[in-house]
Amino acid sequence: MSMPIVAIPADIRELDGTTWHVVQTQYVNAAVVGGGLLPLIVPALEDGHDIDEVLDRVDGVLLSGSRSNVHPSLYGKVAEEKDGPFDPARDATTMPLIRRAIERGVPLLAICRGIQELNVALGGTLASEIQEMPGVADHRRRDVPDRDVQYEIHQTVHVKEGSCLAGALGAGQFKVNSLHRQAISDAAPNLAVEAVAEDGTIEAVSVIGAKSFAVGVQWHPEYWVGKDGPSNALFKAFGEAVRDHAAARKLND
Ligand SMILES: N[C@@H](CCC(=O)NCCCC(=O)O)C(=O)O
């Protein structure tokens, strides 16, 4: 069977005086090395896509992290300076993509900004600058130039027994990296909280009753894929779900 294809929606970046559609290499690498998948970067179109045209051609969806934040208007909040930076074209691409992928049972793994998009797409809300909230630790990217240090694994998360994530990683606690200023505030009604940090921050969710793998994590399993056990296991489980979907799609073609 040819390599299943995973859609990775792009960010918009202004570089060298022009506009680019970009995905960080760590997500592309993890899709290939960790998932055994062929990445397809989906442009971020502010006018949106014909989403079924995209989903007819792929076997899974991988939502990457980003320094940009989901626009607060998408979860009923008035945007403030501190809620930025924004990427409306990415929002316009991922919101319908998430909803339709879940409807169609296309496997989905949402990472960092991705779990926040998953929550908002399904009706949840986000909190900004969570480190300023009482009792909440600082989950932000470390302000150092070395990316291995930025993505260092140091934060304990607790995975709930019987969760979808526990099926892939095992229940209990392990350490992850952490590079975020926002987090889920109100979880969407059809999301199950599957892992939390020591300060109660929601660190992983899954879609209740999903037809296929539909998991979001606030940490970055892509960065140490190939070296870190839980990171490997998560991308392996996602890759298997994508391959199963591809095989089923082939049978129905
Ligand atoms: N902007 C959101 C999501 C955080 C996120 O996706 N972080 C990835 C960092 C990418 C990088 O800096 O290289 C938030 O801050 O909560």
Side-chain angles (χ1 to χ4, degrees), residues 8-15 20-31 41 44 61-75 77 79-91 93-95 97-98 108-121 124-133 136-155 157 176-188 191 195-197 199-205 215-225 228 231 234-235:
I8 309 179
D11 285 5
I12 291 294
R13 283 284 186 280
E14 302 300 329
L15 300 168
W20 300 62
H21 298 247
V22 296
V23 171
Q24 286 178 301
T25 190
Q26 62 213 55
Y27 300 96
V28 171
N29 175 63
I41 296 176
V61 175
L62 174 61
L63 300 173
S64 69
S66 173
R67 293 190 191 179
S68 70
N69 293 330
V70 179
H71 198 279
S73 61
L74 294 172
Y75 50 96
K77 196 172 162 252
E80 299 173 53
E81 185 67 26
K82 71 180 177 96
D83 295 321
F86 301 123
D87 186 344
R90 169 155 174 176
D91 290 341
T93 301
T94 57
M95 291 295 115
L97 183 67
I98 290 165
L108 179 134
L109 175 58
I111 293 173
C112 208
R113 190 195 207 266
I115 187 179
Q116 297 167 5
E117 288 170 318
L118 173 61
N119 186 51
V120 170
T125 63
L126 305 178
S128 295
E129 302 308 336
I130 59 170
Q131 67 281 350
E132 295 170 5
M133 296 163 68
V136 179
D138 190 344
H139 292 250
R140 289 176 295 182
R141 176 167 47 88
R142 291 165 175 176
D143 189 15
V144 295
D146 185 330
R147 285 184 68 79
D148 284 356
V149 176
Q150 291 176 17
Y151 281 83
E152 196 172 37
I153 288 177
H154 65 90
Q155 175 193 284
V157 295
V176 298
N177 45 27
S178 183
L179 297 92
H180 61 105
R181 304 160 35 211
Q182 295 194 319
I184 291 175
S185 179
D186 299 313
L191 287 183
V196 294
D199 62 4
T201 298
I202 294 172
E203 289 285 340
V205 297
V215 170
V217 293
Q218 189 61 72
W219 67 87
H220 287 268
E222 83 289 348
Y223 193 83
W224 296 110
V225 80
D228 170 63
S231 300
L234 187 52
F235 266 92

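Below, each value reflects all heavy atoms present in this structure, side chains not excepted, and no hydrogens, waters or symmetry copies. Just so you know, ligand 1 is whichever comes first in the structure, and atom 1 is the first atom listed for that ligand. Sequential numbering from 1 along the given sequence is applied to the chain's residues.
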query: With a cut-off of 4.0 Å, which atoms of ligand 1 are near a heavy atom of N69?
result: 1 (N), 2 (C), 14 (C), 15 (O)

query: Quick one: which of R142, R141, R140 gives a salt bridge (charged side-chain N to carboxylate O under 4.0 Å, His left out) with D138?
result: R140

query: Side chains of E152 and Q150: is there a donor and an acceptor less than 3.5 Å apart?
result: no

query: Which residue from Q26, R67, Q150 reaches closest to atom 12 (O) of ligand 1 through any of its heavy atoms?
result: R67

field: Sub-4.5 Å side-chain heavy-atom contact between H220 and Y27
entry: yes

task: May I ask you to identify the nearest protein heavy atom to atom 15 (O) of ligand 1, giving residue, atom name and distance to one decimal place in Å?
output: R181 N, 2.9 Å

query: Considering only the protein, which heavy-atom contact is closest to atom 3 (C) of ligand 1, and what is its distance?
result: S66 O, 3.4 Å

query: Are more than 12 heavy atoms from other residues, nucleotides or ligands located less than 6.0 Å from atom CG of D143?
result: no

query: Do any nitrogen or oxygen atoms of L179 come within less than 3.5 Å of a nitrogen or oxygen of ligand 1?
result: yes

field: Where ligand 1 meets H180 - atom numbers and elements under 4.0 angstrom, heavy-atom basis
entry: 4 (C), 14 (C), 15 (O), 16 (O)

message: Looking at ligand 1, would R140 count as a contact under a 4.0 Å heavy-atom criterion?
response: no

message: Within the structure provided, determine whether N177 and Q155 are in side-chain contact (heavy-atom separation under 4.5 Å).
response: no

query: Considering only heavy atoms of H220, which atoms of ligand 1 have at least one such atom less than 4.0 Å away?
result: 7 (N), 8 (C)

Enumerated ligand 1 atoms positioned under 4.0 Å from heavy atoms of Q182: 14 (C), 15 (O), 16 (O)

message: Can you name the atoms of ligand 1, numbered from 1 with element, that are less than 4.0 Å from a heavy atom of S68?
response: 1 (N), 2 (C)

field: Parallel, tilted or perpendicular: ring planes of Y151 versus Y223, cut at 30 and 60 degrees
entry: parallel

field: G65: numbered ligand 1 atoms lying under 4.0 Å from its heavy atoms
entry: 6 (O)

query: Should Q24 be listed as contacting ligand 1, given a heavy-atom distance under 4.0 Å as the test?
result: yes

task: Ignoring hydrogens and angles, state whether a donor on the side chain of Q24 or E222 is under 3.5 Å from an acceptor on the partner side chain.
output: no

- request: Measure the distances from the heavy atoms of Y151 to every atom of ligand 1 and state whether one is below 4.0 angstrom.
  value: yes

Donor-acceptor contact below 3.5 Å, side chain Q116 vs main chain L126: no

- request: For R141, take its heavy atoms, then give the atoms of ligand 1 lying under 4.0 Å from any of them.
  value: 12 (O)

Sub-4.0 Å heavy-atom approach of R147 to ligand 1: yes

task: With heavy atoms under 4.0 Å as the rule, classify the contact between Q116 and ligand 1 as side chain, backbone, both or neither.
output: side chain

query: Under 4.5 Å between any side-chain heavy atoms of F235 and L109, yes or no?
result: yes

- prompt: Considering the options D91, D11, N69, which one meets the side chain to side chain donor-acceptor pair (under 3.5 Å) requirement together with R113?
  reply: D91

